Number of protein chains: 2
Amino acid sequence: MKRIPLALAGIGKIARDQHLPAIAADPRFELVACASRNATVEGVRNYPTLEALLAAEPRIEAVSLCSPPLPRFAQARAALAAGKHVMLEKPPGGCLSEVRALEEIARTVDRTLFASWHSRHALGVEAARTWLTTQDLRSVNVRWKEDVRRWHPGQAWIWEPGGLGVFDPGINALSIVTRILPREVALVSSTLSFPSNRQMPIAADLELFDTAGVPVHVEFDWRHGPQELWEIEVRSADGALLLSQGGNRLQIDGREVALGSVHEYPSLYSHWGGLIDRGERDVDVRPLSLVADAFLLGRREIVEPFID
Amino acid sequence: MKRIPLALAGIGKIARDQHLPAIAADPRFELVACASRNATVEGVRNYPTLEALLAAEPRIEAVSLCSPPLPRFAQARAALAAGKHVMLEKPPGGCLSEVRALEEIARTVDRTLFASWHSRHALGVEAARTWLTTQDLRSVNVRWKEDVRRWHPGQAWIWEPGGLGVFDPGINALSIVTRILPREVALVSSTLSFPSNRQMPIAADLELFDTAGVPVHVEFDWRHGPQELWEIEVRSADGALLLSQGGNRLQIDGREVALGSVHEYPSLYSHWGGLIDRGERDVDVRPLSLVADAFLLGRREIVEPFID
């Protein structure tokens, strides 16, 4: 099968750490060109903007976007309008209506839009999902806490409207929760802690229930360290599940579960290749929708200023 | 055709002004009972809670809910779980995930869930929609301004998280916009004005674009009076449309368009009856999703305190 000529836009930390190695190892994609304002990638053609890339590289069939969510929308629109398949880093947009707009364009041009959630491809997620289908659930506790200075040094955009604040990592947890739980969850209350000098929250506490009444408690905090805590604990009538290390370690009733070896980004690209081959789209906005709900219902508390 | 035995819950101003007269005039529904903490309706059986009503009135087949959005969720869940068809006043929930949860329950019990948007049934809306399908759009301006003291006197819940603030009337405009425009709209920026003593905004300014790049500017303000302004103006390459009086008056190129005579709430109940007869659901969350987006992207400004 012919390899799909691919462009990657937004060459930052996530592109170098994850996307470039995953693409290099994937037999379905051939990286042809990159677009980034300041950075270049060796061995491929480089352009300062995606628009320039699209104009110069008509052979490209697919574009993977890992720029921040706000500039990414215009890039996704341009790539779809040029008839390319598009993969979006998480979150798929700065807001829900952006994603609806992209879906409408993707339908019109009949191309594959993939709103990726890398944490859903963590090693323990599918095994957790399978086990949970057999259980009578009692409670879910999500703790997703890290040091913003370690994980987002100097990222000013993350504190601006659209940057999501502590929900930028927290949405990874919500992408797992909405994948592994057997029923829909609804938000009933939300408390957001805003540093007095910032537009986005540094911590959040959410109370949800699933449609059978099972409570789901979520704690996000960016003032945690030095070791990050990325874990989801589920108690059922007969046992307990702990998904930790961002979804990559799974324990059931205290026993380690043996997991596969295909990591998050290789699994993402493999999934996207399959979607393109089958002419399908995969756009699940529920994680972003829960974040929007947390802002909509959020009781705002002002906390001490955050100085980067 | 047998009339559908109906219960109405939440007997406040909107129930008395709109729902009761519309139900009385509708040949498909028979009002059997009402539930309300403090109020009663003459000529039917009355209960203090919907739960008590559902337990005592097994013959009821459909429940219309016009309580405020936060208590309404538990009522909707209880009504669906008891196997009743449900109509929700606008907004259909305090947040988007509540509506997804209700949809899941409605699918499970195979009953009709109707998330109503009364302003979509205003006299001029369908004629506006039809005209707009023929036009090359240039710009859309939405001005939805009223005096909160006149329209929401003493409604403390409207200022609490989940109460939507100025989006409580504003969502009516968004329900019309998402109905009449031919393409999806995406929010790109939002400015929210919060009184220093309130959790919800008193004014909002939104910038959106449709997928063809047409700008949509939205102004919501609760500090406007004495006469309310509820209008949507659309300019196209060849003409201009003005939908005013909340959707009930339509002018095209300055000329008055003659409209039908079926008003908002009679049209809502007629639509719901049809959905029940055909075994369909009608849940469009886009107006609420745009409000959630406005909070998510919202740049927060603090304005003078609001004293009711």
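None of these values were measured; they are calculated from a predicted model. A note on names: the letters A, B, ... follow the listed sequences, proteins ahead of strands, and every chain is numbered from 1. Side chains included, hydrogens not; waters and symmetry mates left out as well; all remaining heavy atoms used.
- Using a 4.5 Å heavy-atom cut-off against chain B, the contacting residues of residues 155-164 of chain A are A/E160, A/P161, A/G162, A/L164.
- Counted by atom type alone, B/H152 and B/D308 present zero donor-acceptor pairs between their side chains at under 3.5 Å.
- With a 4.5 Å cut-off on side-chain heavy atoms, B/V185 and B/L290 count as touching.
- A donor-acceptor pair shorter than 3.5 Å cannot be found between the side chains of B/S175 and B/R286.
- A/E301 places a side-chain heavy atom less than 4.5 Å from the side chain of A/T191.
- In this structure, B/T211 contributes its side chain and B/R183 its backbone to no donor-acceptor pair below 3.5 Å.
- Between chain B and the residues A/T108, A/L208, A/L102, A/L187, the most heavy-atom pairs under 4.5 angstrom are made by A/L187.
- For A/F73, the part sitting under 4.5 Å from any heavy atom of chain B is the side chain, from C-beta outward, and nothing else.
- With no hydrogens or angles considered, a side-chain donor-acceptor pair links B/S289 and A/R100 at under 3.5 Å.
- Residue B/F194 touches chain A through its side chain alone, counting heavy-atom pairs closer than 4.5 Å.
- Looking only at side-chain heavy atoms (C-beta outward), B/L132 and B/T134 stay at 4.5 Å or farther from each other.
- By number of non-hydrogen pairs under 4.5 angstrom with chain B, the leading residue of A/R77, A/E184, A/E103 is A/E184.
- Nearest heavy-atom pair across B/E146 and B/P169 is OE2-CG, 3.5 Å.
- Identified by a heavy-atom distance below 4.5 Å to chain A, the contributing residues of residues 90-97 of chain B are B/G94, B/C95, B/L96, B/S97, in residue-number order.
- Of the atoms belonging to A/E104, it is side-chain heavy atoms, and not backbone ones, that fall under 4.5 Å from chain B.
- For B/N197 (side chain) and B/F306 (main-chain N/O), a donor-acceptor pair under 3.5 Å exists by modelled atom type.
- Interface residue A/I105: only side-chain heavy atoms are found under 4.5 Å from chain B.
- B/Q75 and B/S67 share a side-chain donor-acceptor pair at under 3.5 Å.
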